Amino acid sequence: MNIAEELLGGSRLALSRAITAIENEYDNAVEIMQKIYAHTGKAYVIGITGPPGAGKSTLTDKIAKAYRAMGKTIGIIAIDPTSPFSGGAILGDRIRMSELTLDEGIFIRSMGTRGSLGGLSRKTADAIKLMDAAGKDIILVETVGVGQSEVDIVKTADTTIVVMVPGLGDDIQAIKAGILEIGDVFAINKADREGVDKVCREIEMMLDLNQEQVLWRPPVRKVIASQNEGVNELLAAIDQHKNWLSESGELSVRRNERIKTELLAILNEQIGRYILTKVTDSGKFNELLHNVEARRVDPYSAVENILKDILR
Amino acid sequence: MEKRVRVLVAKPGLDGHDRGAKVVARGLRDAGFEVIYTGLRQTPEQIVGAAVDEDVNVVALSLLSGAHNHLFPRIVELLKEKGLSEALVIGGGVIPDSDIPSLKAAGVSEVFTPGTPISSIVEFINANVK
Ligand SMILES: Nc1nc2c(ncn2[C@@H]2O[C@H](COP(=O)(O)OP(=O)(O)OP(=O)(O)O)[C@@H](O)[C@H]2O)c(=O)[nH]1
Ligand SMILES: [Mg+2]
């Protein structure tokens, strides 16, 4: 049996190996994605984002437990930054999820960003599909905690939770500006700390100011992730958003938009690859390159010249 | 994209210090590895569960409490059971020299005693990882 069939048959190790294959772009990666695609589109994807140390992993752990108690199976993808210097990474989100490891219904995978800047890794969307095809009902994606550039999660998740905490000081203005558009639900974590009401008020106010342009007014919920408090209320808010998405038709609009973006990205990549190999194999490239180096030809004319040959 | 070596740095047993494990984790990151760190007091079942989901190439165990003769072989055995027999298992911490031969016989590839430079661990992994 091959890896895709084993994955569809419920093998945990096959799911794990398949994620490695797509992450490292092994030869069988495309074939795996081809075979599993028909089985995707069933899972509900929830993004969890917010500044470093806000409690994203702790909250992910609690959300997973709450859904698990309802009988749902869960996939978790936790992303941490790859060092631009060494290419290595310390992926430490699992520390807060130790208790989930023994649950057969929960699969947790840590990923390094590997050079990607939007808070996810380039292969996160494919890893989500693999977990989806493996039958996970809910997929939780914890982004890198960078504060304001986690824009990719919006394009990837059905519901995005922004985790904020009291005591961010002046930074909060900058952070809020970046996250206001991202959040479908706001979780104000560490509500056991001073200043929680102030953050709630500030965020509510900014959301109200923003309200005229948006169809969905994100709810704001206080939580204490470390004590598992407020998690059911947060889940209720996620559910509200989910219901709104399906009733308004927005869910299929967003999902179709995502599919179109993906299709274009794959097409773009393949066309680029196809043309590049054609060009570099032809020998003409080196000739033109020398001419550009010697400034006899400008790069724009060189490209025009190359494309004229190929697109004949 | 090139393959990255993935290493699970795990602390089985009951001791509550992870300074050493964290130093090793950082050293391995700086050598270009993806290091998954799971925190203190992990059972063999938790460690192997994480190793499966994370599809790691190396399981690096750090232990100060003296239960290595029981825990390390148990982890090797569970890894095999779960289909991860190619994973390289290495150990470190306070481990008497006299225990090393039996640990190796049980499937632990190498044991690094305190004071081993990170570069030796990196070299060993690069030379032996599958
Ligand atoms: N006081 C308090 N501390 C909390 C709460 N939730 C999480 N913490 C603590 O906050 C710290 C960071 O928690 P994490 O869950 O690792 O935060 P994170 O956002 O995942 O961090 P990164 O992934 O590193 O960005 C830990 O020490 C948690 O124990 C809470 O509700 N109240
Ligand atoms: Mg985290």
Side-chain angles (χ1 to χ4, degrees), chain A residues 3 6 11-26 29 57 61 74-104 106-116 121-123 127 130-131 134, chain B residues 1-12 18 21-58 60 78-87 118-119 121-122 125-126 129-130:
Chain A
I3 192 165
E6 284 179 48
S11 159
R12 189 170 198 119
L13 191 58
L15 172 57
S16 183
R17 293 267 150 93
I19 296 174
T20 306
I22 57 116
E23 220 186 357
N24 292 347
E25 296 181 335
Y26 288 160
S57 302
D61 176 72
I74 318 278
I76 298 175
I77 300 173
I79 299 142
D80 271 321
T82 295
S83 155
F85 304 107
S86 69
I90 292 184
L91 313 175
D93 293 317
R94 287 191 82 104
I95 297 174
R96 317 269 171 229
M97 308 179 194
S98 286
E99 287 171 29
L100 306 181
T101 304
L102 296 177
D103 189 330
E104 281 298 315
I106 300 182
F107 184 101
I108 309 174
R109 183 63 170 242
S110 313
M111 295 175 100
T113 50
R114 299 195 183 182
S116 174
S121 90
R122 212 159 58 80
K123 298 296 179 181
L130 292 169
M131 289 186 177
Chain B
M1 192 168 297
E2 82 198 90
K3 172 190 164 110
R4 305 273 159 109
V5 174
R6 287 168 67 86
V7 185
L8 183 73
V9 172
K11 280 205 55 77
D18 63 352
K22 282 180 173 164
V23 170
V24 170
R26 278 194 291 271
L28 297 179
R29 174 201 55 197
D30 294 342
F33 300 152
E34 279 185 354
V35 180
I36 295 106
Y37 184 59
T38 53
L40 294 167
R41 299 192 185 90
Q42 301 289 296
T43 65
E45 285 77 12
Q46 282 175 312
I47 291 170
V48 173
V52 169
D53 285 9
E54 301 289 355
D55 195 15
V56 293
N57 311 100
V58 182
L78 279 171
L79 284 169
K80 283 204 184 107
E81 207 173 279
K82 298 285 180 189
L84 281 184
S85 36
E86 320 96 271
I118 303 282
S119 57
I121 305 176
V122 170
I125 292 175
N126 279 327
V129 73
K130 270 161 232 150

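In this text, all values refer to a predicted model and were calculated from it rather than measured experimentally. In what follows, chains are A, B, ... by sequence order, proteins preceding strands, each numbered from 1.
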- Message: Checking B:R29 against A:S86: is there a side-chain donor and acceptor pair closer than 3.5 Å?
- Response: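 B:R29 and A:S86 do not have a side-chain donor-acceptor pair below 3.5 Å.
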- Message: Any donor-acceptor pair under 3.5 Å linking the side-chain atoms of A:S98 with those of B:Q46?
- Response: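 No, no side-chain donor-acceptor pair sits under 3.5 Å.
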Is [X] in contact with chain B via its backbone, its side chain, both, or neither, using a 4.5 Å heavy-atom distance?
{"X": "A:I76", "answer": "neither"}
{"X": "A:F85", "answer": "neither"}
{"X": "A:L102", "answer": "side chain"}

- In plain terms, say whether A:R17 and A:E6 are close enough for a salt bridge, that is, a side-chain N and a carboxylate O under 4.0 Å apart.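 Judged by the 4.0 Å cut-off on N to carboxylate O distance, A:R17 and A:E6 do not form a salt bridge.
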- Please determine, among A:I108, A:T20, A:L15, the option with the most heavy-atom pairs under 4.5 Å with chain B.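 It is A:I108.
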- Task: Taking B:R4 for its side chain and A:G87 for its backbone only, find out whether a donor-acceptor pair lies under 3.5 Å.
- Result: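 Here the side-chain-to-backbone pair exists.
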- Task: Report the C-alpha separation of B:D55 and A:S16 in whole Å, then their side-chain angles, then the decisive distance to 0.1 Å, and conclude whether the side chain to side chain donor-acceptor pair (under 3.5 Å) test is met.
- Result: CA-CA 6 Å; B:D55 195 15; A:S16 183; 4.5 Å; no
- Item | Between B:I36, B:V7, B:L40, B:V5, the one whose heavy-atom pairs under 4.5 Å with chain A are most numerous |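 Among the listed options, the one with the most contacts to chain A is B:I36.
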- Task: Measure B:R26 against the heavy atoms of chain A and call it side chain, backbone, both or neither at under 4.5 Å.
- Result: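 Contact with chain A involves both backbone and side-chain atoms of B:R26.
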